[in-house]
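Structure first, then comments.
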Amino acid sequence: MYIFETSWEVCNRVGGIYAVLSTRAAEMQRMDKDKTVFFGPDLEAIFGASPSPYFSEQADVLPEWKKAAAAEGLKLRVGRWNVPGQPIAVLVDFRSLYSEKDAIFGHVWERYGVKSHAAYGDYDESSLFGYYVGMAMESLYRWLHTEEDCVAHFNEWQTAFGLFYIREHAPKIGTLFTTHATGIGRSIAGNNKPLYDFFEGYNGNQMADELNMTSKHSAEREAAHQADCFTTVSDITARECKQLLDKPVDIVTPNGFEPDFVAKGKKFNDKRKQAREILQQVAGNVCGYAMPDDAMYVCISGRFEWKNKGIDAYLHALNALQHMQPERTIVAYLMIPGWQSGPKRILGQDDHLTTHCLCDYRGNSVVQTVQWLGLWNRPDERVKVIYVPSYLNGDDGIFNMPYYDLLIGMDATVFPSYYEPWGYTPLESTAFHVPTITTNLSGFGQWVESLQGESRIEGGVEVIKRTDSNWDEVIHRIAEALLRYSRLSEKDVKTARKKAQAISEKAEWKHFFPIYKEAYAIALRNAKKRSLL
């Protein structure tokens, strides 16, 4: 079976979907080597971006198809994705479709009812990217002349137009559509509306109009209805899909992790030691005085979604922890990309908080909240806050180490999400033997609870109950969990770290990928039913 899969994050490290696809690739290659082809955007050609370190163009990969595609007028590069498994990757340059945008949008409106007329922002480039990927997939499928089954997997609304194209032009291909978070659910939560208390009262189309999400919601909703197999990543998001997209999912496909990303034995210990040394050094330089050797290092990471990712809750919990007067110094990092102009030439010169120069320092929510709470990083205060508003890709100018190489040095992580369909960051944390705190509003948190019921950080993962109305309880529980952990003996810490890693083993792709095989079977079955109509 051939598997074509696409996302804006193929060879483009942006967020959780990159982690999903890049870590799953090794398992797919083990199943059937080079029968999986990933399609992503050629950002270097389109936007003049720096060459992607995650993509290697290779002349010996599908050379004859490249010639055929070029003869058809398709602009693309073919090579491999530089992740475990080294799967085939195709990057497309879709700029030629801009001149045909109105015709494409009109056709998709007439055929599928997608309301592109209300579009703004990144809708145009995303939709044209998806459509072009559909063209490239059709071209490769025709060139293969294969009688083998073939499925095309589209991730998120950005690729919906590719699914529409395949349905029309290559109907024998079974299509899958995965929403990793409904656009409306994320928007409701991000706009400070109570998503959970009044969940059954929300209408997706109505909220899309109210929140100026009409076009994106329309594309996502129609892709869910048109796909031969519609999936999402957790039970909590499956509930959203039924309510907000008016389409129950066919199957829940949870996110796994590939253990090849984690060092073993002496290499693991060496990496952890190196990470702790630089975490201690940077914290000392930012604060203006040395951190003690027994300091406990904690972090939150991910996209800058203030409420949804629980960044607000994290800072308030640190303030509560400060008032609990912990015996140890606790250095709390925020590794969350923001609007910044580069690394500071001298750390600690302008403030004792940030590692990079913020473009809007006074308007930054982290800065405002830290100042309002009075988390000043004074020498006599036990809790220190260090804000890293940069992508940690190994070239940030301060650490110059990838995120995973810093995560391995942490003692604990905190992800108190309000809206989190899965939660890759806490899963990654446990894979690197770092105990984590998350909430029952994340798919990962719910999955952990399904394994072991009530959970505490001493057992590797603490899942905190979060609702629309228990803010104070959430803040206190995070602070109390961190305080308890800071007081554990070395022996108990080792036990907690082992238990965290053991939980991550249960989420390895070898356990979850069979569910994807079920999804592929559903897609092929329904595609064959379509061909008989």
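With rounding to the nearest 0.5 Å, the separation of CE in M28 from CG in L21 is 7.5 Å. Taken to the nearest 0.5 Å, the CD atom of E420 stands 12.5 Å off from the CG atom of N440. Note that the CG atom of L97 and the CD atom of E100 stand 5.5 Å from one another [nearest 0.5 Å]. We find the CE-CG distance between M401 and L407 to be 11.0 Å, quoted to the nearest 0.5 Å. The CZ atom of F512 lies 8.0 Å from the CH2 atom of W509; values are rounded to the nearest 0.5 Å.
Under the side chain to side chain donor-acceptor pair (under 3.5 Å) rule, T253 has a single partner from T178, T232, T231, which is T231. When the options L144, V90, V37 are evaluated for a side-chain contact (heavy atoms from CB on, under 4.5 Å) with W65, the one that passes is V90.
Aromatic rings from Y112 and F164 are positioned such that their centres are separated by under 6.0 Å. Separation of the F161 and F105 ring centroids falls under the 6.0 Å cut-off. Taking the centre of each ring, W339 and F304 stay at or above the 6.0 Å mark.
Nearest heavy-atom pair across P416 and I300 is CD-CD1, 4.1 Å. Residues R167 and T175 approach most closely at CD-OG1, 4.1 Å, considering heavy atoms. In terms of heavy atoms, L195 sits closest to Y419 at CD2-CD1, 3.7 Å. Residues L441 and S417 approach most closely at CB-O, 3.9 Å, considering heavy atoms. Among all heavy-atom pairs drawn from I88 and L62, the shortest one is CG2-CD1, 4.2 Å. Summarising the geometry of L245 relative to H225, their closest heavy-atom pair is O-NE2, 2.9 Å, with the distance given to 0.1 Å.
One side chain, Y403 or S301, offers a donor N or O that lies under 3.5 Å from an acceptor on the other. A donor and an acceptor atom, one from each side chain of N308 and E305, are located under 3.5 Å apart. There is a side-chain donor-acceptor pair under 3.5 Å between N191 and S187. Side chains of T237 and S234: a donor-acceptor N/O pair is present below 3.5 angstrom, by distance only. For the residue pair S455/E462, the side-chain donor-acceptor check at 3.5 Å is not satisfied. For E505 and H511, the side-chain atoms include no donor-acceptor pair closer than 3.5 Å.
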Could you walk me through whether V252 and D235 pass side chain to side chain contact (heavy atoms under 4.5 Å, CB included), step by step?
-> CA-CA 7 Å; V252 172; D235 291 337; 3.7 Å; yes

Between E5 and T36, does a side-chain hydrogen bond (donor to acceptor under 3.5 Å, both in side chains) hold up when you go through it step by step?
-> CA-CA 8 Å; E5 185 160 8; T36 296; over 6 Å; no

Would you please test Y131 and Y165 for ring pair (Phe, Tyr, Trp, His ring centres under 6.0 Å) and show each step?
-> CA-CA 6 Å; Y131 198 83; Y165 185 94; 5.1 Å; yes

Would I311 and I336 satisfy side chain to side chain contact (heavy atoms under 4.5 Å, CB included), going step by step from the backbone distance to the final call?
-> CA-CA 9 Å; I311 303 169; I336 298 171; 3.6 Å; yes

Test K172 against E147 for salt bridge (Lys or Arg N to Asp or Glu O under 4.0 Å), laying out the working first.
-> CA-CA 10 Å; K172 289 185 178 181; E147 294 300 318; over 6 Å; no

W143 and E64: CA distance, side-chain angles, deciding distance, side chain to side chain contact (heavy atoms under 4.5 Å, CB included) verdict = CA-CA 9 Å; W143 179 82; E64 296 303 318; 3.5 Å; yes

What do the steps show when you test R186 against E240 for salt bridge (Lys or Arg N to Asp or Glu O under 4.0 Å), and what is the final call?
-> CA-CA 10 Å; R186 187 190 297 277; E240 269 184 60; over 6 Å; no

Would W422 and L427 satisfy side chain to side chain contact (heavy atoms under 4.5 Å, CB included), going step by step from the backbone distance to the final call?
-> CA-CA 9 Å; W422 175 248; L427 172 54; 3.8 Å; yes

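Put simply, the side chain of D228 does not reach to within 4.5 Å of the side chain of I522, judged on heavy atoms. When side chains are defined from C-beta on, Y98 counts as touching L128, because their heavy atoms get closer than 4.5 Å. Contact of the F94 side chain with the I46 side chain is registered, since non-hydrogen atoms from C-beta on lie closer than 4.5 Å.
In summary, E258 and K510 do not engage in a salt bridge, as defined by a charged side-chain N under 4.0 Å from a carboxylate O. Checked for salt-bridge contact, K216 and E156 miss the test: no charged N lies under 4.0 Å from a carboxylate O. Ion pairing between D250 and R525 fails under the 4.0 Å rule for side-chain N and carboxylate O. The residues K247 and E222 are annotated as not salt-bridged, no charged nitrogen and carboxylate oxygen being separated by less than 4.0 angstrom.
Using modelled atom types, no side-chain atom of R221 and backbone atom of D246 make a donor-acceptor pair closer than 3.5 Å. Listed for the S442 side chain is a donor-acceptor partner under 3.5 Å among the backbone atoms of G445. S127 places a side-chain N or O within 3.5 Å of a backbone atom of Y123 that can act as its donor or acceptor partner. Of the possible donor and acceptor atoms, one in the side chain of S52 sits under 3.5 Å from a partner among the backbone N and O of C11. Panel note: side chain D93, backbone L76; no donor-acceptor pair is recorded below 3.5 Å. Side chain of H433 to backbone of T430: no donor-acceptor contact under 3.5 angstrom is found. Remark: side-chain polar atoms of Q29 are paired, donor with acceptor, to backbone N or O of G85 under 3.5 angstrom. Side-chain N or O atoms of S7 include one that pairs as donor or acceptor with a backbone N or O of E9 at under 3.5 Å. Between the side chain of N82 and the backbone N or O of P53 there is at least one donor-acceptor pair closer than 3.5 Å. Side-chain N or O atoms of R80 include none that pairs as donor or acceptor with a backbone N or O of A89 at under 3.5 Å.
Other residues, nucleotides and ligands place no more than 12 heavy atoms under 6.0 Å from the NZ atom of K465. The 12-atom threshold is not exceeded at NZ of K75, counting heavy atoms of other residues, nucleotides or ligands nearer than 6.0 Å.
Listed by first then second residue, pairs satisfying ring pair (Phe, Tyr, Trp, His ring centres under 6.0 Å) with a partner in residues 7-49 read F4-F39, W8-F129, Y18-Y54, Y18-W81, F38-W81, not counting sequence neighbours. Counting only residues at least two apart or in different chains, ring pair (Phe, Tyr, Trp, His ring centres under 6.0 Å) contacts with residues 186-219 comprise Y196-Y418.
Listed by chain and residue number, D42, E44, E57 satisfy the salt bridge (Lys or Arg N to Asp or Glu O under 4.0 Å) test with R77 (two or more places apart in sequence, or in another chain).
Cation-pi check for R24 over Y516 is met; the charged atom lies under 6.0 angstrom from the ring centroid and within 45 degrees of its normal. Figure legend: R13 and Y404 shown as a cation-pi pair, the cationic atom lying under 6.0 angstrom from the six-membered ring centre and within 45 degrees of its axis.
The aromatic rings of Y424 and F257 sit tilted relative to each other, their planes meeting at an angle between 30° and 60°.
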